[in-house]
Number of protein chains: 2
Amino acid sequence: MTKRTEKTTGTQPAKRRTTIRPAAARIPKVASAPLPEAKPAAGRAGKSAERRAAIIEAAMDEFIARGFAATRLDDVAKRAGVAKGTLYLYFKDKETMFEELIRTALVPLIGRLTALPTITGPVRDAVEGFAETFMREVVATRRGDIIRLIVSEGPRFPAIADFYFREVVSKGLTGMKALVQLAITRGEIKHRELGDFPQLVVAPAIVAVIWQSLFARHAPLDGLAMFKVHLDLIFGERGKT
Amino acid sequence: MTKRTEKTTGTQPAKRRTTIRPAAARIPKVASAPLPEAKPAAGRAGKSAERRAAIIEAAMDEFIARGFAATRLDDVAKRAGVAKGTLYLYFKDKETMFEELIRTALVPLIGRLTALPTITGPVRDAVEGFAETFMREVVATRRGDIIRLIVSEGPRFPAIADFYFREVVSKGLTGMKALVQLAITRGEIKHRELGDFPQLVVAPAIVAVIWQSLFARHAPLDGLAMFKVHLDLIFGERGKT
DNA sequence: TGACAATGACTGACCAGTCAGTCATATTGT
DNA sequence: ACAATATGACTGACTGGTCAGTCATTGTCA
């Protein structure tokens, strides 16, 4: 598999295999507008959005299972229930499809990050809530595989690594840092240096994602329980002090 | 598969490939010179081991840079300074080459794990020593990329994931758990539940590896400093009670 | 010791199969 | 009926793997 990969020596005429990464990048009609299942999808536009969603869904399964290079577009088309040529009506090429796929999968995650709402109770509860959500909606689902996919292909797709860093990592850490600092001023957290490394707070979550995809069958890991012990380290024993 | 198959209709004379081989010419010892190593490599046997090492070295670079599927054996051969066919004198096929490569790269790591020596001073110092070694010899080197490679290809190479779990993860965690328990009995660590999740102790190291390969250029991360803050969480402020 | 034969590591052209991307034709919606 | 959409047969660049042939090295014998 693999195939044409880079290469792309200046040859202007050669139409095929470009892979030149043609600027654009586009995100045509992503508008996940009429989403809701029920909808039989109003007219043409709805039909089109449905098709696109089906393709993305299928592509996600394939890319997660095989990685970028080993995924065959024939398989994606078959799984999506469309002809191969149809894929090219929605995506410029394999690479673009992959990148848009990742972006699409991250949108909901970004939404959640930018909506870190008011902290009512103890900061610890907020962080614990984050952990529960993360374990339930990321580690235990295909979202976790998306993260692994980013780790896998990131080095070869700078655009994806950049996007992920900018939209998810950066925002997430900024929010977490704010949370830590709030906890410090409130006296919930003693270690002031923790504010310098918000990564430490989420480290167990990352480990849970990786463990899940690699060693789950060798030795199951209760990510949430682990995270709670971690919170004890940060905030001190629960209910004590 | 493939191969030129029978064919050979009667033609006995056909020399094959013409391959006139322009006498001299050749490209005898393109090899990376006589190797800087001390060993001039005793006779044939040594030569063979050298070749094998050169191939593994080259393959490692290519697989790390492109992943399994996208790596071309032609490139590996070129980088190793041998002909493609030579690869098959040392490895059964691409997959075998990849697996043996990973195993070879992990050997030194395994050696270090099984040699967790006597703890003389505080447990914290031992763990800190581990962290320093890890950051210096893994995160900052190609070994870190090997770990990322395992995360990437593991799901598609169960044999590798199994081996890694059995020889590295399992042993490493067992050792770490023993260390934590020792610290608990000594009173260095207060949180007894930490013994249930030794993964927590090394989580920052994992995060450092991933960060290094994905976001290093966006935002450098001082893994060791981060780890030390983490140790403060586990053991309490350094020098303080 | 020198000539010659045997060995097998190494080479690289070749082959068969694969798959990204194309496009002439067919189908559908209005 | 016409345009927009969808199809899938097809093209050809590309790669894993093969093996007939080469030749440096080692072994043998006079």
Side-chain angles (χ1 to χ4, degrees), chain A residues 1-9 11 13-20 22 41-52 54-55 59 62 66 68-78 80-98, chain B residues 1-8 11-31 42-52 54-55 62 66 68-78 80-98:
Chain A
M1 56 295 290
T2 65
K3 257 81 240 268
R4 56 227 36 86
T5 53
E6 55 297 313
K7 300 294 187 157
T8 357
T9 55
T11 67
K15 308 249 320 234
R16 278 286 262 34
R17 280 20 159 336
T18 46
T19 314
I20 299 175
R44 59 276 105 192
K47 216 68 172 178
S48 178
E50 247 175 37
R51 271 270 207 271
R52 190 189 173 81
I55 292 173
E62 293 293 326
R66 303 181 157 63
F68 177 79
T71 289
R72 292 181 291 263
L73 293 190
D74 276 309
D75 291 343
V76 172
K78 192 178 302 178
V82 302
K84 184 152 70 143
T86 305
L87 301 181
Y88 288 88
L89 296 176
Y90 292 87
F91 302 93
K92 181 177 156 300
D93 55 23
K94 189 183 183 185
E95 196 168 317
T96 301
M97 178 187 288
F98 183 66
Chain B
M1 59 206 64
T2 65
K3 74 204 51 181
R4 52 209 58 23
T5 56
E6 53 302 319
K7 297 298 185 147
T8 24
T11 68
Q12 339 70 43
K15 297 281 294 304
R16 247 300 246 58
R17 272 29 146 348
T18 53
T19 320
I20 301 176
R21 186 59 69 74
R26 321 308 312 306
I27 312 180
K29 57 280 306 281
V30 175
R44 50 282 103 192
K47 218 67 170 179
S48 179
E50 245 176 40
R51 270 275 205 267
R52 189 188 174 82
I55 292 174
E62 294 292 327
R66 303 183 155 65
F68 177 80
T71 290
R72 292 181 292 257
L73 294 188
D74 276 311
D75 290 342
V76 172
K78 193 177 301 177
V82 302
K84 183 153 70 142
T86 304
L87 301 181
Y88 289 88
L89 296 177
Y90 293 87
F91 303 93
K92 179 174 158 296
D93 56 22
K94 190 183 183 184
E95 197 169 317
T96 301
M97 178 187 287
F98 183 65

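In what follows, every chain begins at residue 1, and chains take the letters A, B, ... in the order their sequences are listed.
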With respect to the side chain of [X], which nucleotide from [options] is positioned closest?
X       : options                : answer
A:Lys94 : C:dG21, C:dG12, D:dG16 : C:dG21
A:Lys84 : C:dT11, C:dG21, D:dT7  : C:dG21
B:Tyr88 : C:dA20, C:dT11, D:dG17 : D:dG17
A:Arg72 : D:dT7, C:dC10, C:dC19  : C:dC19
A:Leu89 : C:dG12, C:dT22, D:dT5  : D:dT5

Protein-nucleotide distance (B:Met97, atom CE; D:dT15, atom P), rounded to Å = 15 Å

task = Take the protein atom CZ of A:Arg66 and the nucleotide atom P of C:dC19, then report the distance between them rounded to whole Å.
result =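 The distance from CZ of A:Arg66 to P of C:dC19 comes to 10 Å, rounded to the nearest Å.
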
inquiry  = Could you work out how much the helix from C:dT1-D:dA30 to C:dT30-D:dA1 bends, comparing the axis of its first five pairs with that of its last five, to 10°?
reply    = 10°

query = Do A:Leu89 and A:Arg51 pass the side chain to side chain contact (heavy atoms under 4.5 Å, CB included) test, and can you show the C-alpha distance, the side-chain angles, and the key distance before you say yes or no?
reply = CA-CA 10 Å; A:Leu89 296 176; A:Arg51 271 270 207 271; over 6 Å; no

N or O in side chain of A:Arg51 less than 4.0 angstrom from D:dA6 OP1/OP2 =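 Looking at the OP1 and OP2 atoms of D:dA6, one of them is under 4.0 Å from a side-chain N or O of A:Arg51.
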
query = Below 4.0 angstrom from OP1 or OP2 of C:dC10, is there any side-chain N or O of B:Tyr90?
reply = yes

request  = Can you see which heavy atom on A:Glu62 is nearest to which on A:Thr71, and at what distance?
outcome  =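 Reported closest heavy-atom pair: O-OG1, 3.2 Å.
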
ask   = Considering heavy-atom distances to DNA chain D, does A:Asp74 or A:Val82 have its closest nucleotide positioned more toward the 5' end?
value =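 It is A:Val82, whose closest nucleotide lies nearer the 5' terminus.
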
request  = Report the residues that fulfil ring-ring contact (aromatic ring centres under 6.0 Å, His included) with A:Tyr88, sequence neighbours left out, ordered by chain and then residue number.
outcome  =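 By the ring-ring contact (aromatic ring centres under 6.0 Å, His included) rule, A:Tyr88 matches no residue at all.
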
request  = List for me each residue that meets ring-ring contact (aromatic ring centres under 6.0 Å, His included) alongside B:Phe91, sequence neighbours excluded, and say none if there are none.
outcome  = none

Residues that A:Asp74 engages under salt bridge (Lys or Arg N to Asp or Glu O under 4.0 Å), provided they are two or more places apart = A:Lys84

query = Any side-chain heavy-atom pair from A:Met97 and A:Ile55 closer than 4.5 angstrom?
reply =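 Yes, close enough: below the 4.5 Å cut-off.
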
request  = Describe the nucleic acid contact of A:Leu73 in one word from base, sugar-phosphate, nothing, applying a heavy-atom distance below 4.0 Å.
outcome  = sugar-phosphate

